[in-house]
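Read through the structure below, which is laid out as structure tokens, and then see the notes.
Just follow the structure's listing: the first ligand is 1, and inside any ligand the first atom is 1. Computed from heavy atoms alone, side chains included, the values below leave out hydrogens, waters and symmetry copies.
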Amino acid sequence: MLLIKGGTIVTAERSTRSDVLCDDEGRIAAIGPDLDCPTGCEIVDASGLLVMPGGIDPHTHMEMPFMGTTASDDFFTGTAAGLAGGTTSIIDFVIPAEGQPLFEAWQDWCVKAEKSASDYGFHVAVTHWNDRVHTDMGRLVHEGGVNSFKHFMAYKNALMIDDAIFLHSMQRAGELGALCTVHAENGDAVSFLQAELLASGETGPEAHPRSRPAQVEGEAAQRAIALASLHDTPLYIVHVSTREATEAIAAARLKGLKIYGEVLPQHLVFDERVYDTTDWLSSARHVMSPPFRPKSHQQALWGGLVSGQLQTTATDHCCFCRTQKERGRGDFTKIPNGVPGIEERMSVLWHHGVVSGRLSPEQFVAITSTNTARIFNIYPRKGCIAPGADADLVLWDPTATRTISNKALHHNVDYTLYEGMTLTGVAKRTISQSLMVWDDGTLRAERGKGRYVRRAPFGRI
Ligand SMILES: NC(=O)NCCC(=O)O
Ligand SMILES: [Zn+2]
Ligand SMILES: [Zn+2]
């Protein structure tokens, strides 16, 4: 048992001075001022600290096979890094191999994820359509505890689907009470622009953002929303990076459509100038999709989070080391797309969101944890501080500062986007399943300790 004494509980709704008692089953047993300490219970001094629900990162790609290689963080190293940064759960993506049945792919991912240090769940990607996919979606919802499916409108000749597949999947997800999620970029337009750039001799990573301009995301977001509106299917748009997509989501929500948007911290704090360098590797290390944008887009993303039109933050944590990025030397279209960030997310958002005065601490909790738990139907087990909820907590020092250095991070990749950035707001301690797994610089992540979190379909118990 753990008794967290003297801290300030911050939830998405309010902040209160209160103690928290965590039981031996990994759940919160009681909350209240001056709780008694049961015999044998360990006391954790939280004075001066905020006690918040552990972060939930709903968008990671641990050990994902992608663009001819495999993301370097596996489920253990990636989730351990998350714990060190205050993130206690992830939702990763099952990506079926070409033509692979979805249920079989999910089983493969379940085996890979057994080594997770924190709790985890899966979205399953629909990359093709046939009767088997229809059946497997049902099995995944009813037997697999999956309530969200992923769709890629980008990555032509790889993961991309056409509108007909998307509509079939949306219809089936609607029948099942599952949520559709989408990577909204027009893959045909990207492929066209990539060919044009390569033909004119533009082979370096600085061509990457030019092959995926804002209109490409805006068009896809609008199309995805239009398709979802045909049957009023809820839709969650991942990694929104543009004003165009944000405005499309806000307009749809004003019409009463159930459209949700996710933002990545890296898009909030870095802009297209990251590609403006003669250092090939530095530029390649920023190759992700959607790419970093002109600075003006950041205002819309912050505005979306502040106003609630965009609800969640994630990292899209997808790590590739230098040797992997080198696969694209001479052809930017072959640079594996993806960047790290799971350990840095909470601090980056506190510093640039709360310390800057844009967000309240309660809004911070909403966008790093509670909204995600609600949207993906794991609230109040996750994203909540209440008796019966999982004892997944972060003890947050709101005034401590640290300067990010890759040497001090726990992910399995050779860089961080935030190298040298000094941030205020630090995860001092992380508690997962009632256990102190990150204790002021000491990581006690345990391989295999994480549990698979089954997520019920919507509208059903
Ligand atoms: N984002 C990215 O560049 N890589 C991971 C795959 C995806 O989310 O599109
Ligand atoms: Zn994506
Ligand atoms: Zn992704």
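The shortest contact between atom 4 (N) of ligand 1 and any protein heavy atom is with Asn337 O, 3.0 Å.
Counting only protein atoms, the N, O or S atoms lying less than 2.8 Å from the Zn ion (ligand 3) are His59 NE2, His61 NE2, Asp316 OD1, ordered by chain and residue number.
Side-chain atoms of Gln311 come within 3.5 Å of backbone atoms of Gln309 as a donor-acceptor pair (strictly under, hydrogens ignored). No donor-acceptor distance shorter than 3.5 angstrom exists from the side chain of Arg455 to the backbone of Asn377, with no hydrogens or angles considered. When atom types are taken as modelled, the side chain of Arg139 and the backbone of Leu102 share no donor-acceptor pair closer than 3.5 angstrom. In this structure, Glu272 contributes its side chain and Pro209 its backbone to no donor-acceptor pair below 3.5 Å.
Residue His61 has at least one nitrogen or oxygen atom sitting less than 3.5 Å from a nitrogen or oxygen atom of ligand 1, judged on distance alone.
Taking the centre and axis of the six-membered ring of Phe152, the NZ or CZ atom of Lys150 falls inside the cone set by 45° and 6.0 Å.
Looking at Gln100 and Asp108, their side chains do bring a donor and an acceptor atom within 3.5 Å of each other.
Near Ser289, with a cut-off below 4.0 Å to any heavy atom, the atoms of ligand 1 are 1 (N), 2 (C), 3 (O), 9 (O). Close contacts between ligand 1 and Met288 involve ligand atoms 3 (O) [criterion: under 4.0 Å to a heavy atom].
Here Asp316 has side-chain heavy atoms under 4.0 Å from ligand 1, and that is the only part of it that gets that close.
Using bins of under 30°, 30° to 60° and over 60° for the plane-to-plane angle, the ring pair Trp396/Phe364 lands in the tilted bin.
Partners of Arg210 by side chain to side chain contact (heavy atoms under 4.5 Å, CB included), not counting sequence neighbours, listed by chain and number: Leu197, Glu202.
For Tyr155, the closest heavy-atom approach to ligand 1 falls below 4.0 Å.
Of the residues Ile161, Thr127, Asn337, the one that meets the side-chain contact (heavy atoms from CB on, under 4.5 Å) test with Tyr155 is Asn337.
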